[in-house]
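The structure appears right after this line, and notes come after that.
The structure presented is a predicted model; accordingly, all values stated were derived computationally and were not measured.
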Amino acid sequence: MQTNYHKSVLLQESVDGLNIQPDGVYVDVTFGGGGHSREILNRLNEKGRLIAFDQDKDAFNNAFDDSRFILIHQNFRYLKRYLRFYGFKQVDGVLGDFGVSSYQFDEPTRGFSTRFDGELDMRMNQDETTSAHTILNNYDQEALTDLFFKYGELKNARAIAHQIVSKRSEKEIKTTLQLQEILQKFLPKHKEFKVLAQIYQAIRIEVNDEIRVLEEFLLQLPEVVKQGGRISFISYHSLEDRLVKRFIRDGQFEGVPEKDFYGHINVPFKKVGNLITPSEIEIKENNRARSAKLRIGERL
């Protein structure tokens, strides 16, 4: 049974960015509802191949019956390992639509949404043991402060952490509604959903180790992508977008990029075009697109 996912964000723009060769080999590291994958397959001939990754079991309800297609139930941090396993040393392009899918947001039992009451889960891979419940009930105040400050970019991270530690000593925190009630005093009127989204984002990033995963994944690309091949990545918050931007520009995430004897910067990718954001029409049709940023790079 197919799982209901919403329309793919920046669909044409992100697939156009791959500059698809009909007989090429491509990777979609965030299969989800299969929208981007389907568009890639539509542009391939019978010799072309598409390998997709998704760590969420529910995404497999959307798999295609197509001999050109392989769907791998794994985190994309293992990109190189699984490509090698299936006999692909290098590919012509890699697409990623990072963040939480519409389906995950809309499924109350997954615990990703601020709109529903549900268990404190937030695991993208249901086989993992660490959930939002684990973090909120076991991390000490310092660790909670650190994640809210780093991943939620919250100035009052310490006060939020203190409140959680104080309230959980009275009663275990089990549901999203319970968490929201505990944090009520930190949610200013007319801005409550914005602040709550930052808090949820911080917890979710920690649950799924998202920043480290993205860094590990990006660093594999110089070896995986052929010369002239493309990368096309959609990010939804500044932490992800900053990593993608710096990787394409500098080949690393911090510090000064390496230079050769002549002073030329030694980077594996070059930027293709400028930052792409959704049109007003797309945002109106699909609210999830409002914070999306697309960056494209080409292997040198």
Side-chain angles (χ1 to χ4, degrees), residues 1-76 78-79 82-83 86-88 91-107 110 124-125 217 221 224-226 229-236 244 272-273 276-279 281-297:
M1 184 179 71
Q2 191 171 52
T3 304
N4 185 32
Y5 283 70
H6 291 175
K7 187 177 178 183
S8 299
V9 173
L10 290 166
L11 177 61
Q12 298 299 326
E13 296 91 337
S14 59
V15 178
D16 285 349
L18 290 175
N19 191 27
I20 299 281
Q21 307 304 306
D23 58 353
V25 178
Y26 293 88
V27 184
D28 178 355
V29 295
T30 50
F31 178 72
H36 292 100
S37 282
R38 189 180 299 279
E39 183 61 27
I40 293 170
L41 280 171
N42 286 342
R43 303 188 190 194
L44 296 177
N45 62 26
E46 66 282 356
K47 292 182 180 178
R49 293 290 180 271
L50 174 65
I51 304 98
F53 287 72
D54 208 299
Q55 60 183 331
D56 190 333
K57 291 176 181 176
D58 291 349
F60 280 66
N61 294 323
N62 303 307
F64 312 132
D65 182 14
D66 191 313
S67 61
R68 302 169 298 167
F69 175 70
I70 299 168
L71 180 55
I72 300 168
H73 180 218
Q74 274 296 343
N75 189 305
F76 56 73
Y78 304 116
L79 173 70
Y82 279 88
L83 287 179
Y86 283 96
F88 300 100
V91 300
D92 295 282
V94 181
L95 182 143
D97 180 10
F98 305 126
V100 184
S101 70
S102 300
Y103 165 73
Q104 289 167 330
F105 272 130
D106 292 343
E107 179 52 54
R110 302 298 296 274
M124 291 183 178
N125 181 347
F217 160 71
L221 296 175
V224 165
V225 180
K226 293 177 184 176
R230 294 281 187 90
I231 54 176
S232 182
F233 298 139
I234 304 166
S235 305
Y236 294 89
V244 172
V272 174
I276 298 172
T277 55
S279 66
I281 294 171
E282 179 169 4
I283 293 170
K284 191 173 181 180
E285 292 177 349
N286 181 5
N287 189 48
R288 181 179 175 247
R290 69 191 183 281
S291 57
K293 292 180 177 180
L294 169 64
R295 296 185 188 276
I296 298 161

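- No option in Leu44, Leu41, Val91, Val25 other than Val25 meets the side-chain contact (heavy atoms from CB on, under 4.5 Å) test with Arg49.
- Rounded to the nearest 0.5 angstrom, Ile40 CD1 and Ser14 OG are separated by 7.5 Å.
- Between the Asn62 side chain and the Gly34 main chain, no donor and acceptor come within less than 3.5 Å of each other.
- Panel note: side chain Tyr26, backbone Gln21; a donor-acceptor pair is recorded below 3.5 Å.
- In plain terms, the two heavy atoms of Pro278 and Glu282 that are nearest each other are CB-OE1, 3.8 Å.
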Evaluate the criterion side chain to side chain contact (heavy atoms under 4.5 Å, CB included) for residue pair His36 and Leu11; output intermediate values, then yes/no.
CA-CA 6 Å; His36 292 100; Leu11 177 61; 3.7 Å; yes
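- We find the CD-CD distance between Gln55 and Gln74 to be 8.5 Å, quoted to the nearest 0.5 Å.
- Phe217 has its side chain within reach of Val94: a pair of non-hydrogen atoms, C-beta onward, lies under 4.5 Å apart.
- Residues Asn286 and Lys7 share a closest heavy-atom pair of ND2-O, 3.0 Å.
- For the atom pair CD1 (Ile296) and CD1 (Ile276), the distance works out to 4.0 Å, reported to the nearest 0.5 Å.
- For Asp66, the side chain to side chain donor-acceptor pair (under 3.5 Å) test picks out Arg68, with sequence neighbours left out.
- When every heavy atom of Gly35 is checked against every heavy atom of Ser8, the shortest pair comes out as CA-OG, 3.1 Å.
- The closest side-chain heavy-atom distance from Phe88 to Ile70 is below 4.5 Å.
- Side-chain atoms of Ile51 and Tyr86, non-hydrogen and from C-beta on, never get closer than 4.5 Å to each other.
- Contact record, Gly24 with Asp92: CA-OD2, 3.2 Å, taken as the closest heavy-atom pair.
- Screening Phe60, Phe53, Phe69, Phe76 for a ring-ring contact (aromatic ring centres under 6.0 Å, His included) involving Phe31 leaves a single residue, Phe69.
- Between the side chain of Asp28 and the backbone N or O of Ala52, no donor-acceptor pair lies under 3.5 Å.
- Side-chain atoms of Thr30 never come within 3.5 Å of backbone atoms of Gly96 as a donor-acceptor pair (strictly under, hydrogens ignored).
- Counting heavy atoms from C-beta outward, Leu79 and Val27 have side chains that approach closer than 4.5 Å.
- Partners of Asn42 under the side chain to side chain contact (heavy atoms under 4.5 Å, CB included) rule, at least two apart in sequence or in another chain, are Arg38, Glu39.
- Identified under the salt bridge (Lys or Arg N to Asp or Glu O under 4.0 Å) test for residues 9-19, with sequence neighbours left out: Asp16-Arg43.
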With side chain to side chain contact (heavy atoms under 4.5 Å, CB included) as the criterion, how do Ser232 and Val15 come out once you've worked through the C-alpha distance, each side chain's angles and the decisive distance to 0.1 Å?
CA-CA 7 Å; Ser232 182; Val15 178; over 6 Å; no
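- To the nearest 0.5 Å, atom CD1 of residue Ile234 and atom CG of residue Asp97 are 4.0 Å apart.
- In this structure, Asp54 and Met124 have side chains that are not in contact, with every pair of non-hydrogen atoms separated by 4.5 Å or more.
- Summarising the geometry of Ala292 relative to Leu10, their closest heavy-atom pair is CB-CD1, 4.1 Å, with the distance given to 0.1 Å.
- Here the CD1-OH distance, from Ile72 to Tyr78, works out to 13.5 Å after rounding to the nearest 0.5 Å.
- Using a 4.5 Å cut-off on side-chain heavy atoms (C-beta onward), Val244 and Ile231 make no contact.
- When side chains are defined from C-beta on, Leu221 counts as touching Phe233, because their heavy atoms get closer than 4.5 Å.
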